[in-house]
Amino acid sequence: AAEKTAGNMSPPAENELMVYGQVPPFEFTDQDGKAFSSSSLDGQVYLATFLFTTCPTTCPQQSRELSRFQDIDGLKLVSITVQPNVDTPEVLKRYAGQYQADLTKWSFLTGPRDEIWSLSQKGFMLGVGDAPEPGDLPIFHSSKIILIDREQRIRGYYESQLREDMVKLKKDAKRLQQEPTSGASTLRPEESAQDQSQEDLSSLSKDLQGAYEGSGSEQSRVVTPTE
């Protein structure tokens, strides 16, 4: 999405990460059946993504890529299911095991579908919805990974299926850990959120069309995992 600044605000410095919006508070249930509040992430840099455990297209790549960030000290990871009626805590815990998840760093969350979908759409500005019939995929959702700072502000969107985005994310996550609190330029939420939401929905529409036409578009976009 194109970056815009509010009023007479100067553009960000070359190495400065923009602020795309504020993550609203949320409370769900983790893979151990325990209550998980977003307040537990206050003061920490973390990555978030939305997926579901039976997804055959982008979700495995999303999880593989997130697993590669477990070696960054102090970085938290959060995966939120968009199919909570299937992805119970027990299912999520088994899924976490498939990716050798360190559950002291990486949380897998489930909860009421309406709340999760609202968080994706209105909180993170990422598309999600029921897939049209006919089709084998019950839900369409974003394959992006989101970078969030210590003040629960969104600082970047990265396509999990693109190697160059994952390389950039690793650099940006490490850089963000060194950033002073409130050390970033800001965007007007209505502008940044609209840009990201429109871009993501456009991408989802193309991906979904390819999946239902049997072209394997999602699979073809999966890149060689980053080293």
Flag side-chain contact, heavy atom, 4.5 Å: Leu169 against Phe69: yes

Stepwise side chain to side chain donor-acceptor pair (under 3.5 Å) check, Asp87 with Thr110: CA-CA 7 Å; Asp87 292 337; Thr110 187; over 6 Å; no

Nearest-0.5 Å distance, CD1 of residue Ile146 to OG1 of residue Thr49: 5.5 Å

Verdict with reasoning, Leu126 to His141, per side chain to side chain contact (heavy atoms under 4.5 Å, CB included): CA-CA 8 Å; Leu126 296 176; His141 66 93; over 6 Å; no

Leu75 and Lys105: CA distance, side-chain angles, deciding distance, side chain to side chain contact (heavy atoms under 4.5 Å, CB included) verdict: CA-CA 7 Å; Leu75 184 68; Lys105 297 181 177 181; over 6 Å; no

From Arg94 atom CZ to Phe108 atom CZ, the distance as rounded to the nearest 0.5 Å: 13.5 Å

Verify same cluster id: Val82, Val91 (apolar side-chain graph, 4.5 Å): no

Where Ser120 and Gly127 come nearest, the two heavy atoms and their spacing: OG-O, 4.2 Å

Arg155 and Arg175, any side-chain heavy atoms less than 4.5 Å apart: no

Taking every non-hydrogen atom, the tightest pair across Pro24 and Gly123: CD-CA, 3.6 Å

Heavy-atom side-chain proximity of Gln98 to Ser63 below 4.5 angstrom: no

Donor-acceptor pair, side chain of Lys144 and main chain of Tyr157, under 3.5 angstrom: no

Verdict with supporting geometry, Tyr46 and Gln152, side chain to side chain contact (heavy atoms under 4.5 Å, CB included): CA-CA 9 Å; Tyr46 68 99; Gln152 298 277 5; 2.6 Å; yes

Cys59 and Tyr95, any side-chain heavy atoms less than 4.5 Å apart: yes

Donor-acceptor contact present, side-chain Lys171 to main-chain Met166, <3.5 Å: no

Close side-chain approach of Leu147 and Val45, heavy atoms under 4.5 Å: yes

Donor-acceptor contact below 3.5 Å, side chain Gln83 vs main chain Thr53: no

Side-chain heavy atoms of Leu47 within contact of Leu66, under 4.5 Å: yes

Phe26/Glu115 under side chain to side chain contact (heavy atoms under 4.5 Å, CB included): CA gap, chis, key distance, verdict: CA-CA 8 Å; Phe26 59 87; Glu115 293 181 23; over 6 Å; no

Pairwise side-chain contact, Phe52 with Val86, heavy-atom cut-off 4.5 Å (strictly under): no

Main-chain N/O of Ser40 paired with Ser37 side-chain donor or acceptor, under 3.5 Å: no

Shortest non-hydrogen separation from Gln177 to Asp73 and the atoms involved: NE2-O, 2.9 Å

NZ/NE/NH1/NH2 to OD/OE distance under 4.0 Å, Asp149 and Arg153: yes

Same cluster (ILVMFWY, side-chain, under 4.5 Å), Ile154 and Val78: yes

Shortest non-hydrogen separation from Pro84 to Pro112 and the atoms involved: CG-C, 4.4 Å

Leu119 side chain reached by Phe124 side chain, heavy atoms, under 4.5 Å: yes

Reported CD-to-CD distance for the pair Glu164 and Glu159, which is rounded to 0.5 angstrom: 9.5 Å

Under 3.5 Å donor-acceptor, Gln70 side chain and Asp102 backbone: yes

Exam field: side chain Lys168 to backbone Tyr158, donor-acceptor pair closer than 3.5 Å: no

CD1 on Ile139 to CZ on Arg113, rounded to 0.5 Å: 6.0 Å

Reported OG-to-CG distance for the pair Ser79 and Asp30, which is rounded to 0.5 angstrom: 12.5 Å

Value rounded to 0.5 Å, distance of OG in Ser143 from CD in Gln61: 9.5 Å

N/O donor-acceptor pair under 3.5 Å between Gln62 side chain and Phe50 backbone: yes

Atom of Pro60, atom of Tyr99 and distance for their closest heavy-atom approach: CA-OH, 3.4 Å

Any donor-acceptor N/O pair, Gln31 side chain to Ser107 backbone, under 3.5 Å: no

